[in-house]
Amino acid sequence: MDAIYTAVATANGREGRAVSSDGQIDLALAMPPALGGNGQGTNPEQLFAAGYAACFASALGLVGRQAKVDTSDVSVTAEVSIGKDGAAFGLAAVLRVELPDALAGETGALLVKQAHEVCPYSRATRGNMSVELVVE
């Protein structure tokens with residue numbers, strides 16, 4: 001791969017801070033209450049969900065432009081779960097893609113499937129975690 005852009009961020013644990021090299025991200029980190037924390041900060045699962053949702057929406061825009069279909073009203077919500085996976089922890093995601101009425105049915109479902117093929121997050125997670133696509 002020839003890198004076009006590289007994001008750099010540093011974190012010092014789930015109860016510390018996450019800071020990007022350009023200062024655009026500077027967040028307090030905290031364990032969510034479900035994992036025994038106080039929830040007084042963001043957590044890696046939220047950051048992953050935000051990144052995946054944004055990336056998938058961008059991939060939908062790409063495949064929409066290629067198909068000459070307007071995807072500007074599409075919304076993607078990513079639900080990222082963490083849980084026990086044997087002796088370790090694992091992640092799973094549900095991507096809820098809200099399509100406008102004009103994209104309901106086969107056209108929208110095909111665009112979502114194509115976006116899942118080209119989205120860098122989908123490609124990175126394929127075979128590594130469960131990702132469910134839900135078209136709404």
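These numbers were taken from a predicted model, which means no experiment stands behind them.
- The line from CD of Glu98 to CG of Leu103 is 12.0 Å long, rounded to the nearest 0.5 Å.
- Between Gly39 and Pro33, the shortest heavy-atom distance links the atoms CA-CD, 3.8 Å.
- By the 6.0 Å contact criterion, CG on Asp101 is open, its count of non-hydrogen atoms from other residues, nucleotides or ligands being 12 or less.
- Looking only at distances, a side-chain donor or acceptor of Asn43 sits under 3.5 Å from a matching main-chain atom of Gln46.
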Quick one, Val76 with Leu60, criterion side-chain contact (heavy atoms from CB on, under 4.5 Å). Give me CA distance, side-chain angles, the key distance, then yes/no. CA-CA 9 Å; Val76 178; Leu60 268 168; 4.0 Å; yes

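- Tyr52 OH to Leu95 CG: the interatomic distance, rounded to the nearest 0.5 Å, is 5.0 Å.
- Clustering ILVMFWY residues whenever any of their side-chain heavy atoms sit less than 4.5 angstrom apart, transitively, puts Ile82 in the very cluster that holds Val80.
- In this structure, the side chains of Val19 and Ile25 stay at 4.5 Å or more apart for every pair of heavy atoms.
- With hydrogens and angles ignored, the 3.5 Å screen pairs a side-chain donor or acceptor of Thr125 with a backbone N or O of Tyr121.
- Heavy atoms only, all atoms of each residue included: Ser72 and Asp70 are closest at OG-OD1, 2.7 Å.
- In the hydrophobic clustering of ILVMFWY residues, with side-chain heavy atoms under 4.5 Å counting as a link, Val69 and Leu133 come out together.
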For Arg96 and Glu132, run side-chain contact (heavy atoms from CB on, under 4.5 Å): C-alpha distance rounded to whole Å, both residues' side-chain angles, the deciding distance at 0.1 Å, then the answer. CA-CA 8 Å; Arg96 297 189 181 280; Glu132 179 185 355; over 6 Å; no

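- Looking at Val134 and Val97, their side chains never come closer than 4.5 Å, going by heavy atoms from C-beta outward.
- Put simply, CD on Gln40 and CG on Leu29 are 13.0 Å apart, with the number rounded to the nearest 0.5 Å.
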Going through the distances and angles, do Leu27 and Leu47 end up as a side-chain contact (heavy atoms from CB on, under 4.5 Å)? CA-CA 10 Å; Leu27 301 170; Leu47 295 169; 3.6 Å; yes

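- Of the inter-residue distances, the one linking Asp85 atom CG with Met129 atom CE reads 11.5 Å to the nearest 0.5 angstrom.
- A pairwise comparison of heavy atoms in Val118 and Ala59 identifies CG2-CB, 4.0 Å as the closest pair.
- More than 12 heavy atoms of other residues, nucleotides or ligands shown are found within 6.0 angstrom of CD on Glu136.
- Under the 4.5 Å side-chain criterion, counting only non-hydrogen atoms from C-beta, Ser20 is not in contact with Val8.
- Minimum heavy-atom separation, Leu111 to Ala67: CD2-CB, 4.2 Å.
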Could you go through His116 and Arg126, starting from their C-alpha distance and side-chain angles, then the distance that decides it, and tell me whether this counts as side-chain contact (heavy atoms from CB on, under 4.5 Å)? CA-CA 10 Å; His116 192 48; Arg126 189 166 291 122; 4.0 Å; yes

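- In summary, Arg14 and Glu45 engage in a salt bridge, as defined by a charged side-chain N under 4.0 Å from a carboxylate O.
- Judged by distance alone, with hydrogens and angles left aside, the side-chain atoms of Arg123 form no donor-acceptor pair with the main-chain N or O of Cys119 at under 3.5 Å.
- Considering all non-hydrogen atoms of both residues, Pro120 and Cys55 come closest at CD-SG, 3.4 Å.
- Placement of Val135 and Val94 in two distinct hydrophobic clusters is found when ILVMFWY residues are connected by side-chain heavy-atom separations under 4.5 Å, directly or transitively.
- Here the OG atom belonging to Ser81 is positioned 11.5 Å from the CZ atom belonging to Phe48, to the nearest 0.5 angstrom.
- Judged by distance alone, with hydrogens and angles left aside, the side-chain atoms of Glu15 form a donor-acceptor pair with the main-chain N or O of Met31 at under 3.5 Å.
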